[in-house]
Number of protein chains: 2
Amino acid sequence: MRLSAKGEYGVRAMVYLALNYRSGPIPLSKIALGENISQQFLEQIFAALRREGLIYSARGIKGGYTLAYPPEKICVGDIIRALEGPITPVNCLSEGKEEADRCTRADICLTRNVWERLRDHINYLLDNISLQDMIEGKFDEFIVNK
Amino acid sequence: MRLSAKGEYGVRAMVYLALNYRSGPIPLSKIALGENISQQFLEQIFAALRREGLIYSARGIKGGYTLAYPPEKICVGDIIRALEGPITPVNCLSEGKEEADRCTRADICLTRNVWERLRDHINYLLDNISLQDMIEGKFDEFIVNK
DNA sequence: TTAATCCTGAGTAATTTACTCGGCATTTAT
DNA sequence: ATAAATGCCGAGTAAATTACTCAGGATTAA
């Protein structure tokens, strides 16, 4: 149940962009320095974030990256899914993997419910914390009751 | 944010034991067959579960494993922590790792709050689902409000 | 034209995961 | 006493994933 470095760095970098929202494009070199993350690794991360439409890029000198949406419109869940794929504790929950054969057993379905619940919890939590929330340092309290 | 096979198999195996609670020791061969898991791998898993005191073992013919507590006293969190160590999305949250140097940065603390919250959510959820709950197929509804 | 940037695909090193293997120890039934 | 079924243990290995690096091209502003 660990986040990858990609996910962790990605969120940190996005917070960095959020803190500098409306300051024009921020170059990777600056983020790499400020967050003490390898710039080349950040390039990989930003490629994925861009593919998912979470950031805009500007090339050339004075280029860099900016958030594609205001900080309150981007949530942690978006970032992590962009970088790690679907957030799910076990594979057999995501789409049509052919592991369905295992799931014919009675008790599997028992465990399956737990993983579904866990998956939904995590997604719900991370979808309700925006970059803006993080900057302000306070998240909404919420009731999870599903 | 994926569970290891060890964790997944471990929970399935423990459910198996719970379903056969009070039927005497269950040998690994039976579980391996019933759950379609490599018996040798199960040995590793059960060694860890035993080290953590979640199961008892009986050697020799007619030997096997039994739950160390009734199914309502053992929760999914116990099992996963026994098999994967502390449940935490990022390392820097667990004890005195020397990654504290990174955590001097202002925005790191911003992200740290999120990971702490996520960690607590996951642990709370998994600590409130017992083997008995899984067998009965219904979990308590709960309010997460921290 | 230059320098700073983004962009891309491939490659690699390290780590973790998911096991296997060999063999010994214990217990019960015969 | 012996055999057979089990647990127990430490080491080893193969595969997958992660966490990067590397080389070089494309774009843009000064």
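Computed over heavy atoms, backbone and side chain alike; hydrogens, waters and symmetry mates excluded. Residue numbers start from 1 in every chain, and the chains themselves are labelled A, B, ... in the order their sequence lines are given, proteins ahead of strands.
The residue A/Ala5 sits close only to the backbone: its heavy atoms come under 4.0 Å of sugar-phosphate atoms, none of a base. Nucleic acid contact for B/Ala47: none, since no nucleic acid atom lies under 4.0 Å from a heavy atom of the residue. The residue B/Phe46 sits apart from the nucleic acid: no heavy atom pair falls under 4.0 Å.
The base of C/dT20 lies close enough to the side chain of B/Gln44 for a donor and an acceptor atom to sit less than 3.5 Å apart.
No close placement of the B/Tyr56 and B/Tyr65 rings is indicated, their centers lying 6.0 Å or farther apart.
Sorted by first and then second residue, the pairs that involve residues 17-45 of chain B and meet ring-ring contact (aromatic ring centres under 6.0 Å, His included), not counting sequence neighbours, are B/Tyr9-B/Phe41.
Going from atom NZ of B/Lys6 over to atom C1' of C/dC19 covers 10 Å, rounded to whole Å. Summarising the geometry, the separation between OH on B/Tyr65 and P on C/dT27 is reported as 14 Å, rounded to the nearest angstrom. If you take CZ of B/Phe41 and C1' of D/dA15, they are 13 Å apart, rounded to a whole angstrom. Distance B/Gln40 CD to D/dG7 P: 13 Å, rounded to the nearest Å. Rounded to a whole Å, the CD atom of A/Glu8 is 10 Å from the P atom of D/dC20. Rounded to whole angstrom, the span from the CD atom of B/Gln39 across to the P atom of D/dA5 amounts to 12 Å. When the P atom of C/dT15 is taken as reference, atom CZ of A/Arg2 falls 16 Å away, rounded to whole Å. Atom pair A/Leu49:CG and C/dT8:P shows a separation of 13 Å (rounding to whole Å applied).
With 3.5 Å as the limit, one finds no donor-acceptor pair spanning the side chains of B/Arg119 and B/Thr88. For the residue pair A/Glu84/A/Ser4, the side-chain donor-acceptor check at 3.5 Å is satisfied. Side-chain atoms of A/Glu136 and A/Gln132 form a donor-acceptor pair, as typed in the model, at a separation below 3.5 Å.
An OP1 or OP2 oxygen of D/dT6 is reached within less than 4.0 angstrom by a side-chain nitrogen or oxygen of B/Ser29. Of the side-chain N and O atoms in B/Tyr9, none sit less than 4.0 angstrom from OP1 or OP2 of C/dA18. Residue A/Ser57 has no polar side-chain atom (N or O) positioned under 4.0 Å from OP1 or OP2 of C/dT5. Side-chain nitrogen and oxygen atoms of B/Arg50 include at least one within less than 4.0 Å of the OP1 or OP2 phosphate oxygen of D/dC8. For D/dT21, one of the phosphate oxygens OP1 or OP2 lies less than 4.0 angstrom from a side-chain nitrogen or oxygen of A/Ser38.
Of the candidates D/dA4, C/dC6, D/dT28, the closest approach to any side-chain atom of A/Ile61 belongs to D/dT28. The side chain of A/Glu43 sits closest to C/dT8 out of C/dT8, D/dC20, D/dA26. Nearest to the side-chain atoms of B/Ser4 among the listed nucleotides D/dG7, C/dA18, C/dC7 stands C/dA18.
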